Amino acid sequence: MSADYDEMIVEDTGCSPADAVMIEYIIREEIFHSTLDWQTRAQFRHAARKAAKMLEADRATYEEYFRVTREAYQRLRAENETRENEITYEF
């Protein structure tokens, strides 16, 4: 199966690209608890539709999780950039 999961999710569910990211997370972490490369196309399609329903049932929770995760990533990235700028290399 192709590794372009977001496109397949949009095709299978009719969701937006932003929702496809959350649906892929749900498929990996809550439905299969695994990577997706071993799924047949039919299994993946079924999981995508199930995950889309899960997202709609608890959208606020998933959106908050992704918001917090994105903020933490951005904070760590900024800290790393600051740290890199403070390092002096002496030769």
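Remember, it's a predicted structure, so these values are computed and weren't measured experimentally.
Separating the CD atom in Glu24 from the CE atom in Met8 is a distance of 8.5 Å, to the nearest 0.5 Å. Put simply, CZ on Arg75 and CZ on Arg70 are 12.5 Å apart, with the number rounded to the nearest 0.5 Å. Atom OH of Tyr5 and atom OG1 of Thr35 lie 7.0 Å apart (nearest 0.5 Å).
Salt bridge present: Glu11 and Arg41 bring a charged side-chain N and a carboxylate O closer than 4.0 Å. With salt bridges taken as basic N to acidic carboxylate O contacts below 4.0 Å, one links Glu71 and Arg67.
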Working note: Asp37 + Phe44, criterion side-chain contact (heavy atoms from CB on, under 4.5 Å); need CA distance, chi angles, decisive distance, verdict. CA-CA 9 Å; Asp37 56 339; Phe44 184 87; over 6 Å; no
Tell me, with the steps shown, if Tyr62 and Glu30 meet side-chain contact (heavy atoms from CB on, under 4.5 Å). CA-CA 12 Å; Tyr62 289 111; Glu30 298 184 25; 2.7 Å; yes
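Within the 3.5 Å criterion, the main-chain N or O of Asp12 finds a donor-acceptor partner in the side chain of Arg49. The closest donor-acceptor contact from the side chain of His46 to the backbone of Ala42 lies at 3.5 Å or more, if one exists at all. Panel note: side chain Gln43, backbone Thr40; a donor-acceptor pair is recorded below 3.5 Å.
In this structure, Ile23 and Cys15 have side chains that are in contact, with non-hydrogen atoms separated by less than 4.5 Å. Looking at heavy atoms from C-beta onward, Val68 lies in side-chain contact with Glu64 at the 4.5 angstrom threshold. In this structure, the side chains of Asp19 and Arg59 come closer than 4.5 Å at one or more pairs of heavy atoms. Between Met54 and Ile27 there is no side-chain heavy-atom pair separated by less than 4.5 Å.
In the hydrophobic clustering of this structure, Ile26 does not group with Val10; members are Ile, Leu, Val, Met, Phe, Trp, Tyr whose side-chain heavy atoms approach within less than 4.5 Å, directly or through other members. Taking hydrophobic clusters as Ile, Leu, Val, Met, Phe, Trp and Tyr residues chained together by side-chain heavy-atom distances below 4.5 Å, Tyr73 does not share a cluster with Met22.
By the salt bridge (charged side-chain N to carboxylate O under 4.0 Å, His left out) test, Glu7 pairs with no residue at all, sequence neighbours left out. Annotation: side-chain hydrogen bond (donor to acceptor under 3.5 Å, both in side chains) contacts of Ser16 (sequence neighbours excluded): none.
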